[in-house]
Amino acid sequence: MEIKLAQISDFDQIWNIYVTCRNDMLAQNIEQWNQNYPSQNLIRSSIEKKGLYVLWVNKNIVGAINLDEEQDGQYVNIGWTFKEDTPMVIHRLVVLPERQKNGYAQQLMDFAESYAQKSGYPSIRLDAYSQHLRIQNFYQRRGYQIRGEVFFQGKPDAFICFELDLLGR
């Protein structure tokens with residue numbers, strides 16, 4: 001098992017994971033992702049910008065996570081605790097549905113949090129769809145605090161914004 005930076009040669013395998021996960025969520029009536037998001041161009045761009053990391057298990061990619069500083073414009077209205085700092089932002093955590101509940105999401109998040117600390121980020125921000133209760137509970141168990149909510153175009157329900165203090169303030 002290894003987490004490493006995604007390569008463009010990994011694109012087909014990575015894209016398949018996002019499509020499979022999107023379809024699985026839709027089958028559960030979780031409309032977090034749709035035909036427009038995430039897009040192939042977005043995933044390809046994430047790889048090219050060197051922000052997408054993948055989890056390899058037995059020579060297969062089973063999950064991915066994007067780490068960068070890009071925040072949606074709506075984040076400006078959130079009551080972040082650490083407003084003056086530049087946080088690391090987590091996007092599009094994904095694990096193949098048939099490989100879920102094996103600790104792979106935990107490992108990706110452990111990696112992200114360790115990476116953020118080693119890189120000097122004081123906090124981490126992310127959002128989770130309000131109808132995806134399992135992922136919200138996952139983040140809260142990891143110590144992430146709810147700071148507010150945003151609404152994205154085309155989505156009927158809110159996304160809950162979370163923050164994690166990495167400096168113990």
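- When all heavy atoms are compared, the tightest approach of N34 to N36 is OD1-N, 2.7 Å.
- A donor-acceptor pair is defined here as one N or O able to donate and one able to accept, closer than 3.5 Å; such a pair exists between the side chain of N137 and the backbone of L133.
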Item to complete: Report the C-alpha separation of Q28 and R134 in whole Å, then their side-chain angles, then the decisive distance to 0.1 Å, and conclude whether the side chain to side chain donor-acceptor pair (under 3.5 Å) test is met.
Response: CA-CA 12 Å; Q28 297 175 56; R134 192 172 100 203; 5.1 Å; no

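- Between A64 and L108, the closest heavy-atom pair is N-CD1, 3.7 Å.
- Proximity of a side-chain donor or acceptor of S130 to a complementary backbone N or O of A158 within less than 3.5 Å is detected.
- Under a 3.5 Å cut-off, the side chain of E149 and the backbone N or O of C161 do not form any donor-acceptor pair.
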Discussion item. The test is side chain to side chain contact (heavy atoms under 4.5 Å, CB included); show your working for I61 and I17 and say whether it passes.
Written reply: CA-CA 8 Å; I61 299 172; I17 293 170; 3.5 Å; yes

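- Residues Y75 and I124 do not share a hydrophobic cluster, clusters being chains of Ile/Leu/Val/Met/Phe/Trp/Tyr side chains in contact below 4.5 Å.
- Q7 CD to Q13 CD: the interatomic distance, rounded to the nearest 0.5 Å, is 13.0 Å.
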Practice prompt. Would you sort out whether I160 and D127 count as a side chain to side chain contact (heavy atoms under 4.5 Å, CB included), showing the intermediate values?
Written response: CA-CA 5 Å; I160 309 301; D127 60 64; over 6 Å; no

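- The two residues F82 and S123 come nearest to each other via the heavy atoms CD1-CB, 4.1 Å.
- If you take CD on Q117 and CG on L164, they are separated by 8.0 Å, rounding to the nearest 0.5 Å.
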Item to complete: Let me see the working for F138 and Y144 under ring-ring contact (aromatic ring centres under 6.0 Å, His included), right down to the final yes or no.
Response: CA-CA 9 Å; F138 171 75; Y144 286 76; 8.5 Å; no

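- Ring centers of Y37 and F152: at least 6.0 Å apart, outside the cut-off.
- Looking at every heavy atom in both residues, A112 comes nearest to M88 through O-CE, 3.4 Å.
- Using modelled atom types, one side-chain atom of T20 and one backbone atom of N16 make a donor-acceptor pair closer than 3.5 Å.
- In this structure, F162 and Y139 have tilted ring planes: the angle between them lies in the 30° to 60° band.
- Note on V94: it clusters hydrophobically with I8, by side-chain heavy-atom contacts below 4.5 Å among ILVMFWY residues.
- Note: the hydrophobic cluster containing L55 also contains I90 (ILVMFWY, side chain heavy atoms under 4.5 Å, direct or indirect links).
- A donor-acceptor contact shorter than 3.5 Å links the side chain of Q136 to the backbone of Y129.
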Discussion item. Checking E2 against V54 for the side chain to side chain contact (heavy atoms under 4.5 Å, CB included) test, could you report, in this order, the C-alpha distance in whole Å, the side-chain angles of both residues, the deciding distance, and whether it holds?
Written reply: CA-CA 8 Å; E2 181 180 19; V54 290; over 6 Å; no

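- Under a 3.5 Å cut-off, the side chain of K155 and the backbone N or O of E31 do form a donor-acceptor pair.
- Of the possible donor and acceptor atoms, none in the side chain of N41 sits under 3.5 Å from a partner among the backbone N and O of S39.
- Atom CD1 of I43 and atom NE2 of H91 lie 11.0 Å apart (nearest 0.5 Å).
- Expressed to the nearest 0.5 Å, how far CD of Q145 lies from CG of D165 amounts to 9.5 Å.
- Side-chain heavy atoms closer than 4.5 Å link hydrophobic residues (I, L, V, M, F, W, Y) into clusters, and following such links, even through other members, never connects F159 to L26.
- Residues W56 and L96 share a single hydrophobic cluster, defined by chaining ILVMFWY side chains whose heavy atoms lie under 4.5 Å apart.
- If you look at F111 and Y53, their ring centroids are closer than 6.0 Å.
- Residues E69 and V89 are not in side-chain contact: their nearest non-hydrogen atoms beyond the backbone lie 4.5 Å or more apart.
- Of the inter-residue distances, the one linking F11 atom CZ with E48 atom CD reads 9.5 Å to the nearest 0.5 angstrom.
- N102 contributes no side-chain N or O that, together with a main-chain N or O of Y104, makes up a donor-acceptor pair within less than 3.5 Å.
- By the salt bridge (Lys or Arg N to Asp or Glu O under 4.0 Å) test, R125 is found to be paired with E163, residues two or more places apart in sequence or in another chain being considered.
- Annotation for Q131 and I30: closest pair O-CG1, 4.0 Å, computed over non-hydrogen atoms.
- One finds the CD atom of Q40 at 8.5 Å from the CG atom of D12 (value rounded to the nearest 0.5 Å).
- Side chains of Q106 and R142: a donor-acceptor N/O pair is present below 3.5 angstrom, by distance only.
- When ring centroids are compared, W33 and Y18 come within the 6.0 Å threshold.
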Worksheet entry | L52 vs L67, side chain to side chain contact (heavy atoms under 4.5 Å, CB included): CA-CA, chis, key distance, verdict | CA-CA 6 Å; L52 190 67; L67 311 175; over 6 Å; no

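- The nearest pair of heavy atoms linking G51 to L5 is N-CD1, 4.4 Å.
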